[in-house]
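Here is the structure we will look at.
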Amino acid sequence: MMTEQAVALAGGIIGGIFLFVLIGITAYLLWKKFCCLLSYEKLSSPVKTTNANALFQDQSTSETQLKSRRSRSVPFIIPPTLHGRDWINLTNEEHVQEGSDPYMIPQSGPRSSFHSLAGAYVVGTINPELYKFPEDKSETDFPEGNIGRLWFSIEYEQESERLLVSLIKVRKLQPPADSCSPFVKIYLLPDERSYLQSKTKRKTLNPQFDENFVFQVSSKTLLQRTLKFLVYHVDKQKKHHLLGQVTFPLKNQTLTDDNKLVIWRDLEKENLEPPSEHGDIQFSLSYNDYLGRLTVVVLRARGLKLQEESHAVKTHLLGRVIVGPFMYTRGKELEHWNEMISKPKELVKQWHALCHSM
């Protein structure tokens with residue numbers, strides 16, 4: 001009987017101890033969980049920060065103040081990552097916010113470049129007007145009575161002895177009719193028997209050609225040649241009407257492989273006066289005072305009075321013209337001579353009437 005009581009007592013003690021340990025473990029786990037929850041609440045509570053709304057308002061004010069200047073200038077700003085360097089605040093302005101986290105700025109509303117520049121310096125402004133390319137006045141300034149303007153480029157390949165001519169464009173053509181279908185013939189004078197021709201541009205007063213042409217010419221005679229551009233209009237009956245011309249002497253031009261000259265010239269009207277009684281001749285004069293050399297280039301003739309063919313050699317006189325100083329000539333012939341003297345090393349061209357008197 002006593003043995004059974006001892007066993008029961010021992011079992012009760014052991015059960016009590018086990019229950020006490022179980023209650024202790026449960027209490028410890030509950031206490032630990034409560035501590036974790038308390039720590040989480042402390043960490044997730046609002047942290048005292050700088051007044052972000054005030055910062056946003058300050059930046060909005062700065063943005064409003066700069067808005068009036070934005071059309072004239074662009075702010076030049078040092079980002080926060082470069083604050084450790086010795087930058088000078090050119091406008092004597094303070095930091096947008098001293099010591100604040102740039103990523104704490106509110107991003108609501110329209111996105112502005114100032115929203116991500118907390119702690120940045122505005123060190124000055126850039127005026128965009130100072131960095132614009134100068135206006136090409138050749139596209140806008142046309143004198144009164146202008147009949148058109150032509151752009152082209154030239155380049156000379158020394159090794160292959162090729163003159164490369166690029167016909168770029170023509171602007172402000174004045175055709176005889178409302179519509180215009182222009183094309184261009186290109187000559188290398190004094191050879192007027194052969195020429196190169198561009199494509200025809202349909203119904204435009206401002207044709208854009210962008211075509212390349214090649215003339216084979218030796219380097220020895222290059223500077224004695226003259227480029228000539230004739231601009232024509234094709235009407236509905238396929239007739240060609242000359243709208244204007246440009247002559248460009250190659251003399252005194254620096255033409256090399258690495259020197260491409262882009263040039264524009266105003267169109268000139270061709271001499272439309274009726275031929276004289278015995279015909280007319282056009283030639284150019286150029287005088288090099290350093291070399292003491294007079295260059296005469298015969299360009300064209302018109303209205304010549306040719307006799308019928310005969311068995312005799314045709315060496316008869318068709319006409320003549322004298323160009324020289326005052327003691328020999330007067331009128332247009334004297335004017336041509338004086339213009340040549342006033343423009344040394346330039347080709348001065350002019351039409352002259354032939355006379356048959358001896």
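Bear in mind that the values here come from a model prediction, so they are computed numbers and not experimental data.
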Test ring-ring contact (aromatic ring centres under 6.0 Å, His included) applied to Phe248 and Tyr187, Phe152, Trp151, the passing residue: Phe152

Any heavy-atom pair between the side chains of [Y] and [X] that's under 4.5 Å?
X	Y	answer
Val217	Arg225	yes
Phe283	His352	yes
Leu173	Pro182	yes
Asp210	Ile168	yes
Arg320	Cys355	yes
Ile186	Leu227	yes
Gln245	Lys228	yes

What is the distance from atom [atom1] of [X] to atom [atom2] of [Y], rounded to the nearest 0.5 Å?
X	Y	atom1	atom2	value
Ser198	Phe229	OG	CZ	10.5 Å
Lys349	His336	NZ	NE2	10.5 Å
Gln350	Ser284	CD	OG	11.5 Å

Candidate pair Leu230 and Val184, rule side chain to side chain contact (heavy atoms under 4.5 Å, CB included), full reasoning: CA-CA 5 Å; Leu230 297 180; Val184 180; 6.0 Å; no

Applying salt bridge (charged side-chain N to carboxylate O under 4.0 Å, His left out), can you list everything that pairs with [X], at least two apart in sequence or on another chain?
X	result
Asp235	none
Arg162	Glu157
Glu339	Lys343

Going only through I, L, V, M, F, W and Y residues with side-chain contacts under 4.5 Å, is there a path from [X] to [Y]?
X	Y	value
Tyr287	Val298	yes
Leu261	Leu250	yes
Val297	Val348	no
Tyr156	Leu164	no
Tyr232	Tyr195	yes

Linked hydrophobic residues, Leu30 as query - side chain contacts closer than 4.5 Å: none

ILVMFWY cluster membership beyond Phe18 - transitive side-chain contacts under 4.5 angstrom: none

Lys/Arg cation over aromatic Trp264: Arg171, 6.0 Å, 45° cone: no

CA sep, side-chain torsions, deciding dist, call: Ser166, Glu211, side chain to side chain contact (heavy atoms under 4.5 Å, CB included): CA-CA 6 Å; Ser166 295; Glu211 296 185 43; over 6 Å; no

Nearest heavy-atom neighbours spanning Thr329 and Gly324: OG1-O, 2.7 Å

Qualifying residue, where the test is side chain to side chain contact (heavy atoms under 4.5 Å, CB included) with Leu150 and the options are Val231, Asp266, Ile263: Val231

By side chain to side chain contact (heavy atoms under 4.5 Å, CB included) - contacts of Tyr28 (at least two apart): Trp31, Lys32

